[in-house]
Visitor: 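Input: one structure, supplied below.
The first residue in the sequence is number 1, and the count goes up from there. Scope of the values below: all heavy atoms of this structure, side chains included, with no hydrogens, waters or symmetry mates.
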Amino acid sequence: MDQRTAEGESASTAFARVADFVLRRLAGAFPRDVLKSAALQFLDTMGIAIAAGPMQAGQIARDAAVMLYGSGADRHAARMIFDGRRASMAGAAFAAATQTDNLDGHDGYPPTKGHIGVAVIPALLALAEEKPELTGPEALAAIVVGYEIAGRAGIALHATVSDYHTSGAWNSLGVAAVAARLLSLDDDQLRHAFGIAEYHGPRSQMMREIATPTMLHDGSGMGALVGLSAAVLAEAGFAGAPAITVEAPEVAAHWDDLGLFWQMTRQYIKPYPVCRWAHAAIDATRALCLQHGLRPEDIRKVHVNSFHYAATLFAGMPDTTSKAQYSLPFAVATMILHGRIGVEHISGSGLRDAAVADMLKRIEVNEAAKHSDRFPAGRWADVQIETVDGRRLESGDVHARGGPEAPFSEADIVAKYMEFASPVLGSTRAAAIRDGILGLTEADSRFSELTALVYDPPGGQGSHAA
């Protein structure tokens, strides 16, 4: 047997294992703690999607989905979440993912340097309209499949190309996997869906968006659109295999632990709706202010040391929410002034906060090699604060909260969800969605009981301010 034949057989065996996991692993075969993690990530993502709904990017995305991706057929159509208008499944997923992507408070996975739930959860919600029989555990299993496939595709992509691509480049494969599972595609169709999704996934340059923050964000809206489109194309017989990030011999090691090591349980939850790269600096500053009872007027200078990418974030006073979400010094200044960072601080009048602008002048950010060396496995920073009375307070090395290193409890995640969802939906409807999502782990739960709450716009049926 020559080397090419051996590599071909190895790739075929590897893909067969992936197909078994995506298409035939029953919900009952997923560990209960993994399904529970899926429910919590679902809840967290929904909170951000809800809070992002009234923002301009979400409104534009939903209108565009109706204009560009409307559905002329009853099959593979879906209502857009918290809007109610119909589009194609791909269009509905695009709108929700773009909306969520433009409020940077959703989960992420450090080894991928990006985000999964922002595309996978919108895909599930778009697909669910055609699956009225879908049970809660089956929905959570589909989420797990999406996270596990997308995460490995992202790691494989970054290991084999030189550029740093946005999440849409690879979370499209996770979306294709969710769609293949729920549309009951066969192995060959799944293989082609992966190939189509990988080929058309937006290999957009992340650092371009960091340099000039816009509504493009992390490319996940297009990732969701491409992933769902790929599954529908493959279902119709369109050919696109193979996907190099799944089948190439050099990426095989990234897929060997599928179904053994659960990336689903290793996602981080963001305490703040800003780029994760800024979180370690925010947390270090927050800890110093709390420990020493510092008020804004006590602070003369703030020195932040962090990893390379954190040091490249937007440095000035932002005039758009996109710039605010990609600004480390603005986030640190906001934490010092307000003790928290909410949607109101990164949008609207928060962008004209004179006290924050003044504090911004006292913040200096530098790259530290020790922190760069630990990226992307960790997001680290250290902060020194000089006070007006001459003290120099040091945080030591701090890792961003919310991940496996400093995890949030279920109560923390629920509280965050309610903080983001209640102002838009009212506490009654927000709580009903919370209870519905957390109840999906029960064997007799039906996903359709939840969908009745998530399609009407705020103020529509099921929304009661309290």
Visitor: Any carboxylate oxygen within less than 4.0 angstrom of a Lys/Arg side-chain nitrogen, looking at R340 and E419?
Guide: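 Salt bridge: yes.
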Visitor: If the threshold is 4.0 Å, N to carboxylate O, is there a salt bridge linking D256 and R152?
Guide: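 No.
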Visitor: Going by heavy atoms in the side chains, are K36 and E410 under 4.5 Å from each other?
Guide: yes
Visitor: Using a 3.5 Å distance criterion without hydrogens, assess whether the side chain of D298 forms a donor-acceptor pair with backbone atoms of T387.
Guide: no
Visitor: With side-chain contact (heavy atoms from CB on, under 4.5 Å) as the test, pick out the partner of I116 among E148, M264, Q267.
Guide: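 Of the listed residues E148, M264, Q267, the side-chain contact (heavy atoms from CB on, under 4.5 Å) partner of I116 is Q267.
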Visitor: Charged N to carboxylate O below 4.0 Å: is that the case for D456 and R429?
Guide: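 R429 and D456: not salt-bridged.
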Visitor: Mind checking whether I143 and Q41 have side chains closer than 4.5 Å, heavy atoms only?
Guide: no
Visitor: Can you measure from CD1 (I346) to OG (S327) and round to the nearest 0.5 angstrom?
Guide: 11.0 Å
Visitor: Salt-bridge test for K323 and D319: reply yes if a basic N is under 4.0 Å from a carboxylate O, no otherwise.
Guide: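 Counted as a salt bridge, because a side-chain N and a carboxylate O are separated by less than 4.0 Å.
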Visitor: Under 3.5 Å, side chain of N102 to main-chain N/O of M215, donor-acceptor pair present?
Guide: yes
Visitor: Could you tell me whether D63 and R85 make a salt bridge, using a distance below 4.0 angstrom between a side-chain N and a carboxylate O?
Guide: yes
Visitor: Would you check if the side chain of T245 reaches a backbone N or O of L157 as a donor-acceptor pair within less than 3.5 Å?
Guide: no
Visitor: Using the ring centroid of each side chain, check whether H115 and Y109 are separated by less than 6.0 Å.
Guide: no
Visitor: I'd like to know if the side chain of Q384 and the backbone of L393 have a donor-acceptor N/O pair within less than 3.5 Å.
Guide: no
Visitor: List the steps and the verdict of side-chain hydrogen bond (donor to acceptor under 3.5 Å, both in side chains) for T321 and Q325.
Guide: CA-CA 6 Å; T321 185; Q325 292 176 51; 2.9 Å; yes
Visitor: Is it true that a side-chain atom of R276 and a backbone atom of P110 form a donor plus acceptor pair closer than 3.5 Å?
Guide: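 Not confirmed, R276 side chain does not pair with P110 backbone.
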Visitor: With a 6.0 Å cut-off (strictly less than), is the heavy-atom count around OH of Y199, excluding the residue itself, greater than 12?
Guide: no
Visitor: Between S88 and Y69 (side chain of the first, backbone of the second, donor and acceptor by atom type, cut-off under 3.5 Å), is there such a pair?
Guide: yes
Visitor: Ignoring hydrogens and angles, tell me if any N or O in the side chain of D163 forms a donor-acceptor pair with the backbone of H165 under 3.5 Å.
Guide: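 It does not hold such a pair.
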Visitor: For residues F408 and Y268, establish whether the separation of their ring centroids is below 6.0 Å.
Guide: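 Not under 6.0 Å, so no.
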Visitor: Which atom names give the shortest non-hydrogen contact between N366 and A311, and what distance separates them?
Guide: C-CB, 4.2 Å
Visitor: Crowded around L351 CG? As in, over 12 foreign heavy atoms under 6.0 Å?
Guide: yes
Visitor: Is the closest side-chain heavy-atom distance between W262 and P31 below 4.5 Å?
Guide: yes
Visitor: If we only count heavy atoms from C-beta on, is the V18 to W255 side-chain gap below 4.5 Å?
Guide: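 Sidechains of W255 and V18: in contact.
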Visitor: Is the backbone of E442 close enough, under 3.5 Å, to the side chain of S445 for a donor and an acceptor to pair up by distance?
Guide: yes
Visitor: Y309 and ring pair (Phe, Tyr, Trp, His ring centres under 6.0 Å): which single residue from Y326, W380, Y164 fits?
Guide: Y164
Visitor: Has S322 got a side-chain atom pairing as donor or acceptor with T320's backbone, closer than 3.5 angstrom?
Guide: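 No: the side chain of S322 does not pair with the backbone of T320.
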Visitor: When you look at E138 and R446, which way does the salt bridge (charged side-chain N to carboxylate O under 4.0 Å, His left out) test go after all the steps?
Guide: CA-CA 9 Å; E138 288 168 344; R446 293 281 169 181; 5.8 Å; no
Visitor: One pair to check against salt bridge (charged side-chain N to carboxylate O under 4.0 Å, His left out): D283 and R379. What are the steps and the verdict?
Guide: CA-CA 11 Å; D283 284 337; R379 272 77 167 158; over 6 Å; no
Visitor: Is the shortest side-chain heavy-atom distance between L40 and L438 below 4.5 Å?
Guide: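 Side chain of L40 against side chain of L438, heavy atoms only: contact under 4.5 Å found.
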Visitor: S372 side chain to H308 main-chain N or O, any donor-acceptor pair under 3.5 Å?
Guide: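 Indeed, once roles are kept as given, a pair shorter than 3.5 Å links the two residues.
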Visitor: Looking at R392, I want to see if its CZ is surrounded by more than 12 non-hydrogen atoms of other residues, nucleotides or ligands under 6.0 Å.
Guide: yes
Visitor: Any idea how F307 and F375 line up, ring-wise: parallel (<30°), tilted (30 to 60°), or perpendicular (>60°)?
Guide: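 Judged by the thresholds at 30° and 60°, the geometry between F307 and F375 is parallel.
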Visitor: Assess whether salt bridge (charged side-chain N to carboxylate O under 4.0 Å, His left out) is satisfied between K370 and D373, documenting all intermediate values.
Guide: CA-CA 5 Å; K370 64 177 180 178; D373 289 344; over 6 Å; no
Visitor: Salt bridge check: are R391 and E386 linked by an N-O gap of less than 4.0 Å?
Guide: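 Looking at E386 together with R391, the answer is no, because their closest N to O distance does not fall below 4.0 Å.
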Visitor: Does any part of the side chain of N171, heavy atoms only, come nearer than 4.5 Å to the side chain of V120, both counted from C-beta?
Guide: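 No; the side chains remain at least 4.5 Å from each other.
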Visitor: Would you say the ring centroid of F314 lies under 6.0 angstrom from that of F330?
Guide: no
Visitor: Is any side-chain heavy atom of T98 less than 4.5 Å from a side-chain heavy atom of S220?
Guide: no
Visitor: Taking all atoms of both residues into account, what is the closest heavy-atom pair of L124 and A139, and its distance?
Guide: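 Minimum heavy-atom separation between L124 and A139: CD2-O, 4.1 Å.
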Visitor: Do D412 and K416 touch side chain to side chain, with heavy atoms closer than 4.5 Å?
Guide: no
Visitor: Which pair of heavy atoms, one from S422 and one from S427, lies closest together, and at what distance?
Guide: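 Minimum heavy-atom contact is OG-CA, 3.9 Å.
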Visitor: Determine whether D44 and K270 satisfy the following criterion, salt bridge (charged side-chain N to carboxylate O under 4.0 Å, His left out), listing intermediate values before the conclusion.
Guide: CA-CA 9 Å; D44 184 67; K270 284 186 172 183; over 6 Å; no
Visitor: Please indicate whether Q56 has more than 12 foreign heavy atoms, meaning atoms of other residues, nucleotides or ligands, lying under 6.0 Å from its CD.
Guide: no
